[in-house]
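One structure is given here, and the rest of the page talks about it.
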Amino acid sequence: MRKVHMNVTGRVQGVGFRYTTKMVADQLGVTGAVWNEADGSVGIEAVADDETMTAFIAAVRKSPSPAGQVARLTITDDPRIKERKTFDVSYAFH
């Protein structure tokens with residue numbers, strides 16, 4: 001399983017980005033979490049097999065929200081990310 005942390009900048013807060021990211025994750029079978037950062041970016045932790053992760057990253061890069069626009073996507077593999085049973089939306093800033 002591949003475990004990645006992503007940081008997404010651009011028009012990604014206030015446009016339904018977290019919820020549409022969850023929808024894509026659920027459709028693909030990705031587990032993890034998505035949250036707003038205090039600096040206006042969005043953080044994502046995701047766990048999936050390589051093929052699924054590639055599809056998920058591509059969807060995030062294009063912005064799952066029609067009103068969103070991704071300016072930059074930073075991806076870091078992090079084996080310390082804990083595995084979850086679902087993909088959750090966090091309502092608090094990290």
Side-chain angles (χ1 to χ4, degrees):
M1 294 300 265
R2 187 168 176 201
K3 299 177 178 184
V4 301
H5 177 271
M6 294 183 240
N7 182 266
V8 190
T9 60
R11 189 174 19 169
V12 293
Q13 287 193 16
V15 294
F17 192 91
R18 289 176 299 156
Y19 300 99
T20 53
T21 297
K22 177 184 172 28
M23 288 173 52
V24 170
D26 289 347
Q27 288 169 353
L28 293 173
V30 176
T31 61
V34 60
W35 61 89
N36 284 337
E37 297 281 8
D39 66 2
S41 67
V42 167
I44 302 170
E45 285 185 351
V47 179
D49 63 65
D50 287 338
E51 184 178 334
T52 302
M53 187 65 75
T54 298
F56 182 65
I57 290 169
V60 170
R61 181 168 283 142
K62 288 188 280 191
S63 180
S65 169
Q69 183 177 359
V70 174
R72 192 174 85 152
L73 174 61
T74 305
I75 303 164
T76 307
D77 284 276
D78 185 352
R80 298 170 298 162
I81 293 172
K82 70 175 187 174
E83 292 191 31
R84 302 171 183 250
K85 295 187 185 303
T86 59
F87 193 92
D88 302 314
V89 175
S90 176
Y91 300 96
F93 287 110
H94 279 220

Using the rule that two of Ile, Leu, Val, Met, Phe, Trp, Tyr join whenever any of their side-chain heavy atoms come within less than 4.5 Å, decide whether [X] and [Y] are in one cluster.
X   : Y   : value
Y19 : V15 : yes
V42 : M53 : yes
V12 : I75 : yes
L28 : V34 : yes
V4  : M1  : no

At what distance, to the nearest 0.5 angstrom, does [atom1] of [X] lie from [atom2] of [Y]?
X   : Y   : atom1 : atom2 : answer
S41 : M6  : OG    : CE    : 13.0 Å
K22 : I44 : NZ    : CD1   : 13.0 Å
D88 : T31 : CG    : OG1   : 9.0 Å
L73 : I57 : CG    : CD1   : 7.0 Å

**Request:** In sequence, state the C-alpha distance, the side-chain angles, and the governing distance for F17 and V70, and then conclude on side chain to side chain contact (heavy atoms under 4.5 Å, CB included).
**Result:** CA-CA 10 Å; F17 192 91; V70 174; 4.0 Å; yes
**Request:** Taking the side chain as every heavy atom from C-beta outward, state whether V24 and V60 have any pair of such atoms under 4.5 Å apart.
**Result:**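 Side-chain contact under 4.5 Å: no.
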**Request:** Hey, can you tell me if F87 and F56 have their rings parallel, tilted or perpendicular (30° and 60° cut-offs)?
**Result:**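 Ring orientation of F87 relative to F56: perpendicular.
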**Prompt:** Which residue pairs pass the side-chain hydrogen bond (donor to acceptor under 3.5 Å, both in side chains) test with at least one member in residues 64-81, sequence neighbours excluded?
**Reply:**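 The answer is R2-D77, R11-Q69, D78-R80.
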**Item:** Results of salt bridge (Lys or Arg N to Asp or Glu O under 4.0 Å) for E83 - residues two or more places apart only
**Value:**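 Partners of E83 by the salt bridge (Lys or Arg N to Asp or Glu O under 4.0 Å) criterion, ordered by chain and then number, come out as K3.
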**Message:** I need the minimum non-hydrogen distance between T21 and P64, along with the two atoms involved.
**Reply:**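 So the minimum-distance heavy-atom pair works out to OG1-CG, 3.3 Å.
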**Item:** Residue pairs involving residues 45-62 (criterion salt bridge (Lys or Arg N to Asp or Glu O under 4.0 Å); sequence neighbours excluded)
**Value:**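 Listed once each, the pairs would be none.
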